[in-house]
Amino acid sequence: MKLPREFYTREETLQIARELIGKLLVVPMADGTIVSGMIVETEAYLGAIDKAAHSFGNRRTKRTETMFAVGGTAYVFFIYGMYYQFNVVVGAVDSPHAILIRALEPIQNIEIMREKRGKMPDKNLTSGPGKLCIAMGIDKNFNNADLLGDKIWLEDYKVFDDSEIAVGKRIGIDYAEEFAEKEWRFWAKENPYVSRR
DNA sequence: CAAGTGATTAGC
DNA sequence: CTAATCACTTGC
């Protein structure tokens, strides 16, 4: 069952980032085959106040426009010349918060992910934000997609207790000064698919 | 550990 | 218009 709009439109971005751990990310392939993975790692980006967010200070450009959409929209962007990143927009319209999905545990049709990723140990299929987009076939065509539509969506899968979720600093945002220290990253403790390094 | 890769952005 | 930057990955 798809998560309802109300799950996404709340303003408690950090709480939503934590609740996303254990949800299932589902993407149907061109031939209708379902590929899915359980979210095991997320990072929250708190829009206007967060120096690490693209939408810091409500900066509105062609790229960040998607972050201002209603909660439950996909924000996909291209980075480092080769990788896509998949984010979930949360909050109301014009409240540019988003949650980066950093890692998944493969659930359905793992062999399709193996195919897309090339020769890789299973542990490396989806254990990072760029990797999981390749494994799931997520690209710029998914930017601005509605997570209540048929292209890509999230479902309930497994419930994690707070004691099973670890909290820490976000990765790769050293330029964000005091916001680089914020512990806005969440992951499933002891899960082998959490990103390393 | 370092380089690759090109869209995006800010600054002329 | 130009140049710098980047929410990363892989193979040396």
Side-chain angles (χ1 to χ4, degrees), chain A residues 8 13-14 16-18 20-21 23 25 37 39-69 71 73-91 95-106 113-145 147 152 154 166-188 191-197:
Chain A
Y8 301 107
T13 306
L14 293 171
I16 299 173
R18 177 184 296 253
L20 281 177
I21 304 288
K23 303 298 187 205
L25 174 63
I39 298 171
V40 296
E41 185 178 358
T42 63
E43 280 181 7
Y45 285 85
L46 303 204
I49 64 154
D50 181 2
K51 230 173 247 182
H54 294 153
S55 52
F56 174 61
N58 284 316
R59 193 172 55 153
R60 208 163 183 145
T61 65
K62 199 172 169 207
R63 178 172 68 161
T64 63
E65 189 60 33
T66 307
M67 290 185 76
F68 292 83
T73 303
Y75 173 42
V76 178
F77 64 90
F78 191 60
I79 190 129
Y80 296 128
M82 0 181 147
Y83 301 107
Y84 290 100
Q85 313 247 38
F86 172 68
N87 299 246
V88 174
V89 176
V90 300
S95 164
H97 293 205
I99 297 167
L100 171 66
I101 307 303
R102 286 195 59 87
L104 301 174
E105 174 175 333
M113 301 193 199
R114 287 195 193 111
E115 215 170 285
K116 288 186 188 297
R117 292 273 297 132
K119 217 169 188 277
M120 277 287 171
D122 282 3
K123 275 188 293 221
N124 288 5
L125 288 177
T126 53
S127 56
K131 300 183 205 176
L132 72 88
C133 285
I134 300 170
M136 306 285 289
I138 296 172
D139 62 20
K140 62 171 178 253
N141 293 315
F142 287 75
N143 188 37
N144 224 30
L147 295 178
I152 181 167
L154 296 174
V167 180
K169 288 187 219 170
R170 292 176 293 176
I171 291 180
I173 51 158
D174 295 340
Y175 60 88
E177 298 168 33
E178 72 271 26
F179 285 93
E181 302 299 314
K182 301 284 184 193
E183 302 209 315
W184 290 349
R185 172 171 173 246
F186 303 90
W187 68 94
N191 187 294
Y193 294 95
V194 170
S195 67
R196 295 151 226 310
R197 192 161 306 238

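Letters go in sequence order (proteins before strands), and every chain restarts at 1.
The outermost nucleotides of DNA chain C lying under 4.0 Å from heavy atoms of chain A, listed 5' to 3', are dC6(C) to dT10(C).
Residues forming a side chain to side chain donor-acceptor pair (under 3.5 Å) with Arg60(A) (at least two apart in sequence, or on another chain): Glu65(A), Asp94(A).
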Per-nucleotide pairing state of DNA chain C [Watson-Crick or G-U, under 3.5 Å; [ ] pseudoknot-crossing; | other strand]: ||||||.||||.
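Using a 4.0 Å heavy-atom criterion, one finds that Tyr83(A) contacts the bases of the nucleic acid, with or without backbone contacts as well. Residue-level contact check: Arg170(A) touches neither bases nor backbone, having no heavy atom under 4.0 Å from any strand. Counting non-hydrogen atoms under 4.0 angstrom, Leu100(A) reaches a base of the nucleic acid. Residue-level contact check: Gln85(A) touches the backbone only, with heavy atoms under 4.0 Å from sugar-phosphate atoms and none from bases.
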Side chains of residues 132-143 of chain A: which donor-acceptor pairs under 3.5 Å do they make with residues two or more places apart or in other chains?
residue   : atom : partner   : partner atom : Å
Asp139(A) : OD1  : Asn141(A) : N            : 2.9
Asp139(A) : OD1  : Asn141(A) : ND2          : 3.3
Asn143(A) : OD1  : Thr66(A)  : OG1          : 3.3
Asn143(A) : OD1  : Val76(A)  : N            : 3.0
Asn143(A) : ND2  : Thr66(A)  : OG1          : 3.3

Please tabulate, for side-chain N and O atoms in residues 176-184 of chain A, each donor-acceptor pair with protein atoms closer than 3.5 Å (sequence neighbours left out).
residue   : atom : partner   : partner atom : Å
Glu177(A) : OE1  : Lys51(A)  : NZ           : 3.0
Glu181(A) : OE1  : Lys169(A) : NZ           : 3.1

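Distance, Met82(A) CE to dA3(B) P: 13 Å, rounded to whole Å. Remark: P of dG6(B) and OH of Tyr84(A) are 11 Å apart, rounded to the nearest angstrom.
Side-chain atoms of Ser127(A) and Lys131(A) form a donor-acceptor pair, as typed in the model, at a separation below 3.5 Å.
The aromatic rings of Tyr84(A) and Phe78(A) lie tilted to each other, with the angle between the two planes from 30° to 60°.
Within residues 54-61 of chain A, the residues approached by DNA chain B to less than 4.0 Å at the level of any non-hydrogen atom are Arg59(A), Thr61(A), in residue-number order.
Under the 3.5 Å distance criterion, the side-chain polar atoms of Thr61(A) are matched with a main-chain donor or acceptor of Thr64(A).
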